[in-house]
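Keep in mind that what you see is a predicted model, and the values were worked out from it rather than measured. Computation of the quantities below employed the complete heavy-atom set of this structure, encompassing side-chain atoms and omitting hydrogens, waters and symmetry-equivalent molecules. Positions are given from 1 along the sequence.
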Amino acid sequence: MKKLKYLIYAVLMAWMGLVLLCYTPLSAQEQTWKVGLAKRMITPKTSMWMAGYATRNKPSSGKMHDLWAKAMVMEDANGKQLVLISTDLLGIPREIAKNVCAKLENAFGLSREAIVLNSSHTHSAPVLAGALHDIYEIDEVEQGKIQAYSAWLVNELVGLVKEALHHKKSAKVAVGSGLARFQVNRRNNKESEITTLSALNGPSDYAVPIIKVMDGHRNLMALLVSYACHATVLDGYEWSGDYVGFAQLELENRYDGCQAMFFQGAGADQNPLPRKSLARARQYGKVLAAAVEQVVEDNEFQPLEPQLKMAFREIQLPLAKIADKVYFEQLIAKNEAPAYTKKWAKRMMGRMQKGEQLERSYPYPIQCVQLGNQLVFALGGELVVQYALDLKKVYGKQTIVFGYSNDVMAYIPSDKILEEGGYEGDTSQMVYGLPAKWQKGIEKHIITACTELYRTIQK
């Protein structure tokens, strides 16, 4: 009889333990992320001027495949939210980014630090308002198209985030890294000799960071992929995401129901070589997709706890001494100078003659995000690879570094490149309309600001 009482007591205790387990809140480790996804086609509905190459002399004609904007909303266990937006665009200028972020804050209460805007840097996307002032000979009709498309784009990006916010569901998030080697440091290797080289020179970063999102049934919801390489395989007049677009299509075809998103890395001095053919663009897209597939199939991922830390700051990045009137006049008179440099010089002279004060610095955006234990830096401009290598030395090789984020205002060269000169260090600011090149020392300014932001989110 006593044994029966003990048995009944043990059963009751086990049952009560089970009931308590069912009603006990999940610990931080057991809790999951909430993730919402959305995508919208942003291919222009009419022919218009394309961004990226100064040699183009007419608007677009047709499309190779559609351009897309995609959003991922991530909510951690404490209800904190992060919005990641990828776009098949050359680069989102400051005013468009500010407009999008202001609308998102007003509509959904999203703070600036909670929004990452990235562009793939495809050179087969439309010109946007407020960018590339002096490259193209654009008439009033074409300028009107650019303004109209840019205004439409802002509303599409806001609507995209709204859609993602309304479709959040429980998810597991993990991070991994693959490898792809078609990027080539274009400053240290001649494109014309690339097929005969037995070794490549200069710094590069072959990592393919991957963030994987899976739902409660272990279905693949999304793959966020990054790589540091210009999207410049194609230079024609058809809309396309270049190799990046083909990579995303490949992954979405391979994994049914999965949203593939690409975030450009620190690839300003890295080109896909050889290039200039549709077959090459498809090839590099498949190579990048295969790097992702390897990590997915071998399940080489580390889970990320549902915890978000974020910080955003603009720093005044100093410009070098502005040239005098004589320099601008000599550049205008120089027969062999490219047309866009002369147009830039005339515009700068015109501003000076009106009594305008030319900018001596630029508000440069820096963002630091931590997903669980995964650190991400999102930096503005056409960021050269040295910045990613510098940050990885400090914070570990697993650190993810995005360039082309939140504002693409110019190339961001290292101090070494500033000393060496060339396009990235000396003249690329003319393309973007800045009155001077960057002042030596910007590399330290940026890395220091990244360190300060990192310390901010660790408090």
With a 3.5 Å cut-off and sequence neighbours excluded, list the donor-acceptor pairs that the side chains of residues 277-290 form with protein atoms.
{"residue": "Ser277", "atom": "OG", "partner": "Arg280", "partner atom": "N", "Å": "3.1"}
{"residue": "Arg280", "atom": "NH1", "partner": "Gln283", "partner atom": "OE1", "Å": "3.3"}
{"residue": "Tyr284", "atom": "OH", "partner": "Leu273", "partner atom": "O", "Å": "3.1"}
{"residue": "Tyr284", "atom": "OH", "partner": "Pro274", "partner atom": "O", "Å": "2.5"}

Considering residues at least two apart in sequence or located in another chain, which fulfil the ring pair (Phe, Tyr, Trp, His ring centres under 6.0 Å) criterion with Tyr206?
none

Tell me the ring-ring contact (aromatic ring centres under 6.0 Å, His included) pairs involving residues 250-273, sequence neighbours left out?
Phe263-Phe402

Glu137 meets the salt bridge (charged side-chain N to carboxylate O under 4.0 Å, His left out) criterion, sequence neighbours left out, with none

Throw together a table of side-chain donor-acceptor distances under 3.5 angstrom for residues 379-391, partners on residues two or more places apart or in other chains.
{"residue": "Glu382", "atom": "OE1", "partner": "His121", "partner atom": "NE2", "Å": "3.1"}
{"residue": "Glu382", "atom": "OE1", "partner": "His230", "partner atom": "NE2", "Å": "3.4"}
{"residue": "Glu382", "atom": "OE1", "partner": "Tyr404", "partner atom": "OH", "Å": "2.9"}
{"residue": "Glu382", "atom": "OE1", "partner": "Tyr411", "partner atom": "OH", "Å": "3.2"}
{"residue": "Glu382", "atom": "OE2", "partner": "Tyr432", "partner atom": "OH", "Å": "2.4"}
{"residue": "Gln386", "atom": "NE2", "partner": "Asp390", "partner atom": "OD1", "Å": "2.9"}
{"residue": "Tyr387", "atom": "OH", "partner": "Pro413", "partner atom": "O", "Å": "2.8"}

Only pairs at least two apart or in different chains count here, so list each salt bridge (Lys or Arg N to Asp or Glu O under 4.0 Å) that has a residue in [range].
{"range": "residues 177-186", "value": "Arg186-Glu424"}
{"range": "residues 100-116", "value": "none"}
{"range": "residues 144-158", "value": "Arg40-Glu156, Glu142-Lys145"}

Results of side chain to side chain donor-acceptor pair (under 3.5 Å) for [X] - residues two or more places apart only:
{"X": "Thr43", "result": "Asp66"}
{"X": "Thr232", "result": "Arg275"}
{"X": "Asp139", "result": "none"}

Side chains of Ser405 and Asn118: is there a donor and an acceptor less than 3.5 Å apart?
yes

When you measure from the centre of the six-membered ring of Tyr237, is the NZ or CZ of Lys58 closer than 6.0 Å and no more than 45° off the axis?
yes

Table please: side-chain donor-acceptor pairs of residues 69-80 below 3.5 Å, with sequence neighbours left out.
{"residue": "Lys70", "atom": "NZ", "partner": "Gln248", "partner atom": "OE1", "Å": "3.0"}
{"residue": "Lys70", "atom": "NZ", "partner": "Glu252", "partner atom": "OE2", "Å": "3.0"}
{"residue": "Lys70", "atom": "NZ", "partner": "Ala260", "partner atom": "O", "Å": "2.5"}
{"residue": "Glu75", "atom": "OE1", "partner": "Lys168", "partner atom": "NZ", "Å": "2.5"}
{"residue": "Asp76", "atom": "OD1", "partner": "Asn78", "partner atom": "N", "Å": "2.9"}
{"residue": "Asp76", "atom": "OD1", "partner": "Gly79", "partner atom": "N", "Å": "3.1"}
{"residue": "Asp76", "atom": "OD1", "partner": "Lys80", "partner atom": "N", "Å": "2.9"}
{"residue": "Asp76", "atom": "OD2", "partner": "Leu308", "partner atom": "N", "Å": "2.9"}
{"residue": "Lys80", "atom": "NZ", "partner": "Leu308", "partner atom": "O", "Å": "3.3"}

